[in-house]
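Working notes, beginning with the structure itself.
Both backbone and side-chain heavy atoms feed into the values below; hydrogens, waters and symmetry mates do not. Atoms within each ligand, like the ligands themselves, are counted from 1 in listed order. Sequential numbering from 1 along the given sequence is applied to the chain's residues.
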Amino acid sequence: MQAKSLQWAPSPGLRVGVETSSLSQLAVLNLPGGASVNGLKARGLFVVKAMEVEGSRTASLKGHAGNKNGSLLSSVGNSTNIKWHECSLNKTDRQKLLKQKGCVIWITGLSGSGKSTVACALGGSLYHRGKLSYILDGDNVRHGLNCDLSFKAEDRAENIRRIGEVAKLFADAGVICIASVVSPYRRDRDACRAMLPAGDFVEVFMDVPLQVCEARDPKGLYKLARAGKIEGFTGVDDPYEQPLDCEIVLSHKGGACPSPCEMAEEVVSYLEDQGFLQA
Ligand SMILES: Nc1ncnc2c1ncn2[C@@H]1O[C@H](COP(=O)(O)OS(=O)(=O)O)[C@@H](OP(=O)(O)O)[C@H]1O
Ligand SMILES: Nc1ncnc2c1ncn2[C@@H]1O[C@H](COP(=O)(O)OP(=O)(O)O)[C@@H](O)[C@H]1O
């Protein structure tokens with residue numbers, strides 16, 4: 001089977017073979033119209049290689065860890081003829097230095113549900129324990145990296161994909177990355193989960209009823225949305241798909257909301273139990 005470099009534009013439902021050094025198995029996945037690989041939960045790093053197999057166009061993901069043939073070029077999305085460059089210092093070394101494990105805490109929920117507040121409380125609590133975290137807040141990232149994106153479904157998907165990729169880099173740096181983003185579509189969140197090794201993506205759902213968020217309305221956005229001055233506002237005229245099986249649910253119970261600190265401590269306990277607060 002001869003591998004050769006191709007311009008590869010993944011199409012929805014494209015079947016790809018996945019071969020990894022850590023799994024030693026071949027799996028068949030669907031690529032939903034982008035280079036992200038939904039459902040891939042294996043440790044290690046991967047490059048996408050376009051290959052021509054018996055006249056058909058097939059993409060193969062090669063685990064580059066342990067890949068002896070360092071001269072092979074890859075194509076990922078529209079980036080052709082690229083090659084992963086490995087460094088001698090790796091994530092494990094950085095984690096030892098920081099005395100913690102890099103991961104992504106993904107806080108999802110309606111506008112006004114308390115995502116940013118919990119993210120800050122969590123960051124503060126970790127800081128006081130000597131643990132390094134960094135917050136990627138949806139509102140803030142849209143002030144820079146993602147200022148070209150609107151709130152249309154495809155732009156929200158790209159917003160989440162970019163934040164997922166940046167969060168993955170922070171986790172690889174050994175940092176506990178806290179993403180606080182509405183991320184209303186399950187598929188986009190799942191795609192971010194699939195970017196990381198199993199267990200390293202911790203999804204936290206702010207389970208706060210719409211009426212509570214709307215009553216808080218700290219920025220007056222619900223009021224504008226109800227008045228028809230903002231179109232496609234999540235929870236009003238754009239859907240929010242709540243997680244079906246996330247790691248942590250922070251609930252507003254019986255008309256009362258735990259304090260942001262109490263909520264943050266719930267996440268810290270999870271991180272402690274899972275061993276993220278030590279190298
Ligand atoms: N149409 C619409 N829908 C939802 N939210 C809106 C919208 N327009 C502006 N905003 C403000 O943008 C913040 C959400 O940005 P995100 O990047 O987290 O959104 S998304 O994940 O791409 O859906 C969100 O911030 P939070 O209130 O902190 O959630 C809002 O302040
Ligand atoms: N646990 C909580 N209990 C009561 N009010 C809260 C809590 N968390 C946040 N708030 C308040 O709710 C509003 C929205 O919080 P925010 O963190 O900005 O939400 P989001 O980032 O999800 O839009 C703010 O006015 C904040 O002070």
Do Gly112 and ligand 2 have an N or O pair less than 3.5 Å apart? yes
List every atom of ligand 1 that sits less than 4.0 Å from any heavy atom of Val181, numbering the atoms from 1 in the order shown and giving each element.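 Reading through ligand 1 atom by atom, the close ones are 18 (O).
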Any idea which atoms of ligand 1 are less than 4.0 Å away from a heavy-atom of Pro184? 21 (O), 23 (O)
Report the relative orientation of the aromatic rings in Phe205 and Tyr240; use parallel for angles under 30°, tilted for 30 to 60°, perpendicular for over 60°. parallel
Tell me the protein heavy atom at minimum distance from [atom], and give that distance in Å.
| atom | value |
| --- | --- |
| atom 27 (O) of ligand 1 | Ser111 OG, 2.6 Å |
| atom 1 (N) of ligand 2 | Pro258 O, 2.9 Å |
| atom 12 (O) of ligand 1 | Phe151 CZ, 3.2 Å |
| atom 2 (C) of ligand 1 | Phe233 CD1, 3.4 Å |
| atom 1 (N) of ligand 1 | Gly232 O, 2.9 Å |
| atom 21 (O) of ligand 1 | Ser183 N, 2.8 Å |
| atom 29 (O) of ligand 1 | Lys115 NZ, 2.8 Å |
| atom 20 (S) of ligand 1 | Asn159 ND2, 3.7 Å |
| atom 19 (O) of ligand 2 | Gly114 N, 3.0 Å |
| atom 21 (O) of ligand 2 | Ser116 OG, 2.7 Å |
| atom 16 (P) of ligand 1 | Arg142 NE, 3.6 Å |
| atom 24 (C) of ligand 2 | Pro218 CG, 4.1 Å |

Please confirm whether Cys213 comes under 4.0 Å of ligand 2, counting heavy atoms of the residue only.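 For ligand 2, residue contact (heavy atoms, under 4.0 Å) with Cys213 is absent.
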With the threshold set at under 4.0 angstrom, would you say Pro260 reaches ligand 2 through any of its heavy atoms? yes
Closest to [atom] (judged by heavy-atom distance), picking from [options]:
| atom | options | value |
| --- | --- | --- |
| atom 3 (N) of ligand 2 | Met263, Arg216, Glu262 | Arg216 |
| atom 24 (C) of ligand 1 | Asp139, Thr234, Ile160 | Asp139 |
| atom 23 (O) of ligand 1 | Arg156, Lys219, Lys152 | Arg156 |
| atom 30 (C) of ligand 1 | Asn146, Leu221, Val182 | Leu221 |

Quick check on side-chain hydrogen bond (donor to acceptor under 3.5 Å, both in side chains): which of Thr108, Asp190, Asp238, Thr234 does Tyr185 satisfy it with?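 Result: among Thr108, Asp190, Asp238, Thr234, Asp238 is the only option passing the side-chain hydrogen bond (donor to acceptor under 3.5 Å, both in side chains) with Tyr185.
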Non-hydrogen side-chain atoms of [X] and [Y] separated by less than 4.5 Å:
| X | Y | result |
| --- | --- | --- |
| Lys168 | Asp172 | no |
| Val181 | Trp106 | yes |
| Arg161 | Glu158 | yes |
| Ile105 | Ile248 | no |
| Ser180 | Val118 | no |
| Glu241 | Arg187 | no |
| Tyr222 | Leu210 | yes |

What pairs of residues pass the salt bridge (charged side-chain N to carboxylate O under 4.0 Å, His left out) test when at least one of them lies in residues 259-269, not counting sequence neighbours? Arg129-Glu265
Ser180 and ligand 2 - part of the residue with a heavy-atom distance under 4.0 Å: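 Neither part.
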Record the part of Ser113 in heavy-atom contact with ligand 2 below 4.0 Å; permitted values are side chain, backbone, both and neither. both
Thinking salt bridges, do Glu203 and Arg186 make one under a 4.0 Å N-O criterion?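 A salt bridge is absent here (no side-chain N lies under 4.0 Å from a carboxylate O).
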Check: Gly174 main-chain N/O paired with Gln100 side-chain donor or acceptor under 3.5 Å: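 Such a contact is found between Gln100 side chain and Gly174 backbone.
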Is there a donor-acceptor contact under 3.5 Å from the side chain of Arg142 to the main chain of Ser150? yes
Does Arg189 make a cation-pi contact with Phe201, if we ask for NZ or CZ under 6.0 Å from the ring centre and within 45° of the axis? no
Can you list every pair that meets ring-ring contact (aromatic ring centres under 6.0 Å, His included) and has a residue in residues 120-150, with sequence neighbours left out?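 Passing the test, one end in residues 120-150: Tyr134-Phe170.
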Proximal ligand 2 atoms for [X], defined as those under 4.0 Å from one of its heavy atoms:
| X | value |
| --- | --- |
| Thr117 | 8 (N), 9 (C), 15 (O), 16 (P), 17 (O), 26 (C) |
| Leu110 | 22 (O) |
| Ser111 | 23 (O) |

